[in-house]
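Each chain gets a letter, A, B and so on, in the order the sequences are listed, and its residues count up from 1. What you see below is based on every heavy atom in this structure, not just the backbone, and it leaves out hydrogens, waters and symmetry mates. Only a predicted model underlies this, so the values are computations on that prediction, with no experimental measurement involved.
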Amino acid sequence: MAELRIAVDADQDGPGGRLQPLDEHGQPTGPVERVRELAAAMAAREQAQRPRWVWAATDEVYVRLLPQLPASRLGRCHDVKLVEPLLLAQEGAYGEPRSLGAAWARLRGLPVPRDLPLGLAAAEADAHAQDALFAPDRSRLEPGVDPLTALVAVHTEQLRRLAALPEQDRHGLRLLVAAESAGGLVAAEMAYDGLPWSTTVHDALLEELLGARPTAAQAASGARPPKLAALGIELQEALHARQLNPDSPGQVLQAFAKQGVSLTSTRNWMLRQVDHPAAPLLLRYKELSRVYAAHAWAWRDAWVRGGRFRPEYVVGGVVSGRWASRGGGALQIPRILRGAVVADPGWRLVVADAGQLEPRVLAALSGDPGLIRAGAAGDLYAGLAADAFGGDRARAKLGLLGAMYGQTSGEVGPLLAILRRRFPQAMGLVEAAARTGEAGGTVRSRLGRVCPPPSAAWQDATAAAYGGDVDALAEEGGGRAGSAARSRGRFTRNFVIQASAADWALALIAALRRRLAELPPGPAGERPRLVFFQHDEIVVHSPIALAEAVAATVTASAEEARRLVFGDTPVHFPMDTHIVERYADAKGGEPTDSELDDEEGPGF
DNA sequence: AACTAACGCGCC
DNA sequence: AAAGGGCGCGTTAGTT
């Protein structure tokens, strides 16, 4: 069955807009239709036709529609602004502007408008747009260009470019395009729905950790919360330094030196090795000091409203395909505060993370039989240890992480030699990626996301060195050039894994979003909502009655993602799933195997 | 005073 | 000699 697509142009002012039906090649199949209530018109067509909605940018169009849509929302979309950089990278272009206006300008041979900064909040972006030479709106179209005309033309061209890709890349890219667009929907919805955040529990945690909140006047004069101040005094006593400012690394180093402890920095990993009573005090001080500065009362005043934490998620914000976020440090909520993420009364949190995702991705990518066997029983690192490290799980994990990140120093070196001997296909894959990067090349994720090429500065630094012998340069080249070559090797080495893991995670949330929408709503029409996504972990806020079904849906979605991204791999990506009232109660345990679930192609 | 770069540390 | 990937955000040190 040919897929119905509908292009959407929302009026800049007011609730109306225009719709145009398209065929699977993006060609119009009917006239442009003007509607007075865009959201209502789209909701009706969603019910009747289940089209793929085509628009300039989800973070522009869908964000405005969301408050007016029914709870069932919309199913699928094609986001021109998210797709454009994926295609540009296929064509060897990187860092080009990605807006509809930019794509239109390239198509027509016109001057290409710069992008607005990625992930800019709507109000801020509109302020920027006012100043810009080119465009009065966020699509960056020149005045006088019909947005719907440009959208239809650019969309058709994107489909043509997809179809023109080499056959071996086409399938993966089509999947990536669909998944990236679905990610846009999820990101907009997560920002709109918000993460349930209990001010009461947050307060209790802060009280316990820091004591009472300083008054505005106290805070202005630099006063710290009572428990932090008390810890500072303890630290002064432990170091016999009355005037010590614990926030000053220089003073702390001096004080330790006077106690006969010679440190080169106050980094946490260094302090953990120090045998002095002041070291644990300082570590605790720094931990609490960070909570106070980054995630305490001031943070909450800025980011929590109506019992919801509402950050902004930036799809495609990381070159590997991971999401970035803006505002409130959404992807860095300290574990110590996760108790404040509390389900509403009558609701639960379904918390699931993909245990040991990256080594499993390496196993699937490389097809290495030893690594596949190591992960088959559950704990991959334990399997690896039993197989090759005399049962020493810690060393097995250290070695494999070192292989994936490009670490060579310390005790990792000998571990790599063991891994090379026992898992030659897996090690061969990451080392080939490193060599490609060192030589200035690019690498691809499983679905075909391409890493950025090296910068001009990198090429200048490395081109002349060692007479162009990149292998020798990376192996033994000193100075900036050798260091730059090795650094890029570590980046491309990690990219193939991190970006392929991001492919899988994106397919996971796309499948999960669709499957959650297919669940029957609760008795009062309540719907489970995906409220958090952090690289390899998701949280669904669900009515209690649906929580078990949601947990099963997560498992099925992980299995769907496995099949879509890795085909017939024997590797599984088990989700560790918990139904809890508080995020903090979802303790990580041993991974369990997902159930098999057969079905047809991607529905997102 | 306002800005920038480097650093450290939170998360994965 | 140096020798661990990706981010966001707050602080500090240095600059203008």
Participant: I want to verify a distance call: between dC9(C), dG4(C), dC9(B), whose nearest atom is closest to the Gln332(A) side chain?
Facilitator: dC9(C)
Participant: Go through dG8(B), dG5(C), dG10(B) for me and flag the one nearest to the Arg267(A) side chain.
Facilitator: dG8(B)
Participant: May I ask whether Tyr405(A) stacks on the base of dG5(C), given the cut-offs of 5.5 Å between ring centres and 30° between planes?
Facilitator: yes
Participant: Name the orientation class of the two ring planes belonging to Phe573(A) and Trp504(A) (parallel below 30°, tilted from 30 to 60°, perpendicular beyond 60°).
Facilitator: tilted
Participant: Please report the distance separating the C1' of dA2(C) from the corresponding atom of dC9(B), rounded so that it comes out in whole Å.
Facilitator: 23 Å
Participant: Taking the nucleotide of DNA chain C with the closest heavy atom to each, which residue, Arg322(A) or Ser325(A), is nearer the 5' end?
Facilitator: Arg322(A)
Participant: What's the CH2-P distance between Trp303(A) and dG8(C), to the nearest Å?
Facilitator: 13 Å
Participant: Whole angstrom is fine here: how far is it from CG in Leu283(A) over to P in dG10(B)?
Facilitator: 9 Å
Participant: For Ala502(A), which residues count as a side chain to side chain contact (heavy atoms under 4.5 Å, CB included) partner, sequence neighbours excluded?
Facilitator: Arg322(A)
Participant: Would the base of dG6(C) count as contacting Gln498(A) through its side chain, where contact means a donor and an acceptor less than 3.5 Å apart?
Facilitator: no
Participant: For Gln534(A) and Asp353(A), does a side-chain donor sit closer than 3.5 Å to a side-chain acceptor?
Facilitator: no
Participant: Rounded to whole angstrom units, what separation is found between the CZ atom of Arg290(A) and the P atom of dG8(C)?
Facilitator: 14 Å
Participant: In terms of side-chain heavy atoms, does Tyr192(A) have a donor or acceptor partner in Arg308(A) at a distance below 3.5 Å?
Facilitator: no
